[in-house]
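Whatever order the structure lists ligands and atoms in, that order sets their numbers, starting from 1.
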Amino acid sequence: MDDFLTGLPEATVLRDPSDLEPFLRDESHVRGVLPLAVVKPRGPSALRELVRRAKAEGFGLVPRGAGTGKAGGCVPTARTVVVDLSQWPGDIAVSAQDLSLSAPASAPLRDVKAAAEAQGLFYPPDPNSWESCALGGTLATNAGGPNACKYGMTRHWVLAVDALLEDGEIHRFGISSVKANAGPSLGQLLIGSEGVFGLIVGATLRLTPLPREHATLLLPVRRWEDLLDLPGRLCAAGYQPSAFEFFDPAVLAELRAHGPEEARRLPGEALAILEFDERGCTAESFLEGLLDLLGPMAESLELASDERQRKAIWAVRRMTSAFLKERHPGKVSEDIVVPRSRLRAFFEGLGRLGAPCVTYGHLGDGNLHVNLLAADKTDPALLERQLNGLFRLALDLGGTLSGEHGIGLAKREAFLTLSDPAHIRALRAVKRALDPCGIFNPGKVI
Ligand code: MLT
Ligand code: ZN
């Protein structure tokens, strides 16, 4: 196999097993197998050659950004080469006139957001890993985050995609305008496809004016179930939070007992973080209206008084996943979704399932991180039953088994088993049409 990677143009090739080891994992519980190599392409000729050699030699190409995925989408399967896009060239360019930003897949999402902000513009997608992930990974996985509650997912902010297809060439799908309706969108098909149809190497993103005001609220509650109707009540009353996060009593208790200093003073039996970012959201009249709506729940409401306090609140929320992982290294973290109107029914069903779990996450859009903390100590057959029960519950309530992390390897079996067979047949037909030799991220998603 070594022969088939020697002389690859415009690329760094890693083959030493000790260099390959770090690529076996992402941030999920899934572990891959040792890849044949890791290739870091620096230009189109590397990709052209890789595609040619992959077809000739029958190996697969597994795309990888910064490795912060949560579903094993970028971990290598058998007979694959990891295509690490961290050296893919290109600059971040903002067009204030087009309200757009172009960037290569290798651009850190943090830099993309900062480049927009420097011009008074906003790129809303904010997955938890936003300070360490690469733009390409967020496109391949259609990343979400707290702001999805108001602004939607990554796919809602993509105007055009540059992608490597099975002919070995890079093609552009989309234009720098929100209005583009010439036939079905192949670009949108690629977003969230986790690299099974082709590899995304860059994109043009949509921007919006940067919000100038934030009202960030800590809402501790005595009876945590009281929170469950609040997302729906807020929407029905015309409020649209830019984020609505929550910790259930168990997660909050862990944070308070073992978390960082800022977490130790967190009040309540359970806690929500609400943020608004529209013009006027810090005005007294806005907050008074909100207090009216919250009624007795607002008893212990705290408003972040400055940017420092706001950042401190978000720091605790942002470290929750890593904190739980450190304390429970064998945990499995899920990310089901139910419509916000079904949150109460979901938690009632979760109670009936009886699986030992704790939950936090994006209550405002019904995307919940149900964590089975002792997954590694649970009999695998029982764990599978618990997870399937969780997925079925979400599906029965009109939800889905992944809100933002994707399918990858972690949820592939469940996705194939629980989806409408017509859905899987159609996806596989698209896969055969776009990737007839099966070189793109084999064994993932479908
Ligand atoms: C989060 O919102 O904290 C992450 O998406 C959840 C996770 O890391 O499992
Ligand atoms: Zn999340």
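Checked options Lys311, Arg317, Lys150, Arg310; the residue passing with Glu275 is Arg310 (criterion: salt bridge (Lys or Arg N to Asp or Glu O under 4.0 Å)). When each of His362, His29, His369 is checked for a ring-ring contact (aromatic ring centres under 6.0 Å, His included) with His405, only His369 meets the rule.
Close to ligand 1: Arg317, with a non-hydrogen atom less than 4.0 angstrom away. Look at Glu404 and you'll find a heavy atom under 4.0 Å from some atom of ligand 1. At least one heavy atom of His405 sits closer than 4.0 Å to an atom of ligand 1.
For ligand 1, none of its N or O atoms has an N or O atom of Lys331 under 3.5 Å away.
For Tyr239 (side chain) and Leu290 (main-chain N/O), a donor-acceptor pair under 3.5 Å exists by modelled atom type. For the pair Asp335 (side chain) and Glu404 (backbone), a donor-acceptor distance under 3.5 Å is present.
Per-residue contacts place His362 under 4.0 angstrom from the following atoms of ligand 1 (heavy atoms of the residue considered): 2 (O). Short contacts between ligand 1 and Tyr360, defined as distances under 4.0 Å to a heavy atom of the residue, involve ligand atoms 3 (O), 6 (C), 7 (C), 9 (O). The Ser321 neighbourhood of ligand 1 comprises atoms 3 (O), 7 (C), 8 (O), 9 (O), with distances under 4.0 Å to a heavy atom of that residue.
If you check which protein heavy atom lies closest to atom 4 (C) of ligand 1, you get His369 NE2, 3.6 Å. With respect to atom 9 (O) of ligand 1, the closest heavy atom belonging to the protein is Ser333 OG, 2.9 Å.
The proximity of Lys70 to ligand 1, defined as any non-hydrogen pair under 4.0 Å, is limited to the side chain.
Geometry about the Zn ion (ligand 2) gives an angle of 90° between NE2 of His362 and OE2 of Glu404, rounded in steps of 10 degrees.
Ion pairing between Arg64 and Asp84 fails under the 4.0 Å rule for side-chain N and carboxylate O.
When ring centroids are compared, Trp130 and Tyr123 stay outside the 6.0 Å threshold.
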Could you go step by step and tell me if Asp126 and Lys113 meet the salt bridge (charged side-chain N to carboxylate O under 4.0 Å, His left out) rule? CA-CA 9 Å; Asp126 63 340; Lys113 289 172 81 74; 5.7 Å; no
Review point. Should Glu302 and Arg265 be marked as a salt bridge (charged side-chain N to carboxylate O under 4.0 Å, His left out) after you check the CA-CA gap, both sets of side-chain angles, and the distance that decides it?
Key: CA-CA 12 Å; Glu302 288 178 31; Arg265 53 163 287 276; 3.0 Å; yes
